[in-house]
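A quick write-up on the structure given underneath.
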Amino acid sequence: MTTFSSPSASPDQRSQEATNPHSPVVEFGAGKPLRLDSGVVLSPFRIAYQSYGTLNADKSNAILICHALTGDQHVANVHPVTGKNGWWETLVGPGKPIDTNRFFVLCSNVLGGCLGSTGPASINPETGKPYALDLSIITIADMVRAQAMLVDHFGIDQLFAVVGGSMGGMQVLEWASSHSGRVFAAVAIATGARHSSQNIAFHEVGRQAVMADPEWREGRYLEEGTIPRKGLSVARMAAHITYLSETALHRKFGRNLQDRQNVTFGFDADFQIESYLRHQGMSFVERFDPNSYLYMTRAMDYFDLAAEHEGRLADAFAGSKTRFCIVSFTSDWLFPTSESRTVAHALNAAGASVSFVEIETDRGHDAFLLDEPEMFSAINGFIRSAARARGLVQP
Amino acid sequence: MSLNTASRVDFDVIASLVNPGARVLDVGCGDGELLELLQNTKNVDGRGVELSQKGVNESVARGLSVIQGDADSDLKYYPDAGFDYVILSQTLQATRNPKNVLTELLRIGEKAIVSFPNFGHWRMRASLLVNGRMPVTEELPYSWYDTPNIHFCTINDFVDMTREIGAQVETAVALNAFGQRIGFNMPWGFWNLFGQQAVFLLRR
């Protein structure tokens, strides 16, 4: 047997969160259009979000969390589809480094996402059918523009902090660059100011896997009642390898066999690592929209902050008053420390205030989502010091 | 590479040379002790660069703006005159190219504050003369083969280098073995013999 024996959430159930999410939603109607980098004007559109804590009287204690490629707005609450804890409960919550007793924490599903914000699985008001590939390509800057409109909706002039890892970190850098005055402090973790050629290559493999699945139906799978399950699974399996490290994989799985004493001389999942990856692939399909995966990966590929400033990254941060904290991990080969160092050097050259820590770990790119005490202690110190500077008194 | 003593006598001298509210870059800031002192007592806008990851992480956890970097290779990323003071405390002797580093300090900062152990101190001279071996002292506890301090100099050597790069000595302080300032108006040669450490305030 080489096929995936997956439990199947029906396309209806899967698209439920895309069209009718558990999260609150802000509708931006005809009076509030969004001009995308592609030149297309998106209107109407909507943004789904989660919030935690209380916004103070002068609205100075808001922290925006930006989620990663396959993340969502459910930072610190049980996920409505998977039933799992919030993806960043290690960092965000009462008494945590991002303390919800102290800060108003906001996280929105990115534009192009599939958990309630306008994305390819949303209904196109012009046709009454899902957008599929009729939605314009979305960029990181577009995601940030939409977030800025959500922040406006809350009447917040300046965010105390914008925090994110990986694709979330790209949004943090974009915020600090193009909405500099609205960001008091920025925490960019395991990220870079551009997507490298190798990263684009991995994303292309993923996209081709999705599009090669006959069930993809040129993107119209929702209308046709199918789902490119195998394609998206393979995309996730390949991507998942890039989130780990060789050392961590070997430590966790080695060459161990899965529920058997000997290899089977076949193509079943003999090795634990195979079984693990297949599980990762299948469970991903249950919660993520395949077209959304195409849009998210494309947004990351197009990101190149220096290119918007004639190749000089420092110019992206010229005159910035934002305090920056840049975090990288020694074993992250997707966004290696050199990418973070490039950002830190550019911030130095721009005369910005920057902290840059590299955390020693063998857990690869995914370390930013895991229990990494040194990362927590660095972010905690950074946030506390920034809060003092912002005049936010400890309750 | 900073020396790891709990209370560094040169810190108070350095702090006394910094004007309140100044923009300060501490190159080789260790765990951030001096930067924290300067922020608390002089309300400076402080930044740091530190080679060791442990030092960087400790500094950032203290709430300081510190990045991991190397004095020899990373100062070039800083813009001209971005700081009022650039501090190099007990780090000069550990750099690969001290002359280049000193030149960079005075490009980045209006002024530079440099503290270093004086290899011309009489104990060093006596140790070498009597024992015929590289001195190992309480303050400089490394053997010659494992020391990070690859470019020791004396006060006289340092003064020569400031002349070579065209830097002006605005203030100089020598500290004896008890951490006390050696009186003013002494010739360099006297300081060179009795100063265990020196702190220089330089300008372009």
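First the proteins, then the strands, lettered A, B, ... as listed; each starts at 1.
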Heavy-atom closest contact (Arg388(A) atom, Arg62(B) atom, distance): NH2-O, 4.3 Å
Partner chain A: residue of Glu58(B), Gln53(B), Lys76(B) with the largest heavy-atom pair count (under 4.5 Å): Gln53(B)
At a heavy-atom separation under 4.5 Å, does Leu64(B) approach chain A through its side chain, its backbone, both, or neither? backbone
If you draw a 6.0 Å radius around CZ in Arg251(A), do more than 12 non-hydrogen atoms from other residues or ligands fall strictly inside? yes
Asn348(A)-Tyr77(B) side chain donor-acceptor pair, cut-off 3.5 Å: no
Find the one option among Met375(A), Arg384(A), Glu374(A) whose heavy-atom pairs under 4.5 Å with chain B are most numerous. Glu374(A)
Could you check Val49(B), Ile67(B), Val56(B), Val66(B) and say which one makes a side-chain contact (heavy atoms from CB on, under 4.5 Å) with Phe356(A)? Ile67(B)
Look up atom OG in Ser385(A) and atom CD in Glu36(B), then write down how far apart they are to the nearest 0.5 Å. 10.0 Å
A quick test of your reading: do over 12 heavy atoms of other residues, nucleotides or ligands sit less than 6.0 Å from CD of Glu246(A)? no
With only heavy atoms counted, which part of Ala387(A) is less than 4.5 Å from chain B, the side chain, the backbone, both or neither? neither
Within a reach of under 6.0 Å around CD of Glu360(A), are more than 12 heavy atoms found that belong to other residues, nucleotides or ligands? no
Just wondering, are more than 12 heavy atoms of other shown residues or ligands nearer than 6.0 Å to CG in Asp157(A)? no
Which value, rounded to the nearest 0.5 Å, describes the distance between Ser65(B) atom OG and Phe382(A) atom CZ? 7.0 Å
Part of Gln68(B) within contact of chain A (heavy atom distance under 4.5 Å): both
Output yes when a side-chain donor or acceptor of Arg47(B) lies under 3.5 Å from a complementary backbone atom of Ala352(A), and no otherwise. yes
So does Gln180(B) have more than 12 non-hydrogen atoms from other groups sitting under 6.0 Å from CD? yes
Crowded around Arg107(B) CZ? As in, over 12 foreign heavy atoms under 6.0 Å? yes
Please classify the contact between Glu358(A) and chain B as side chain, backbone, both or neither, with a heavy-atom cut-off of under 4.5 Å. both
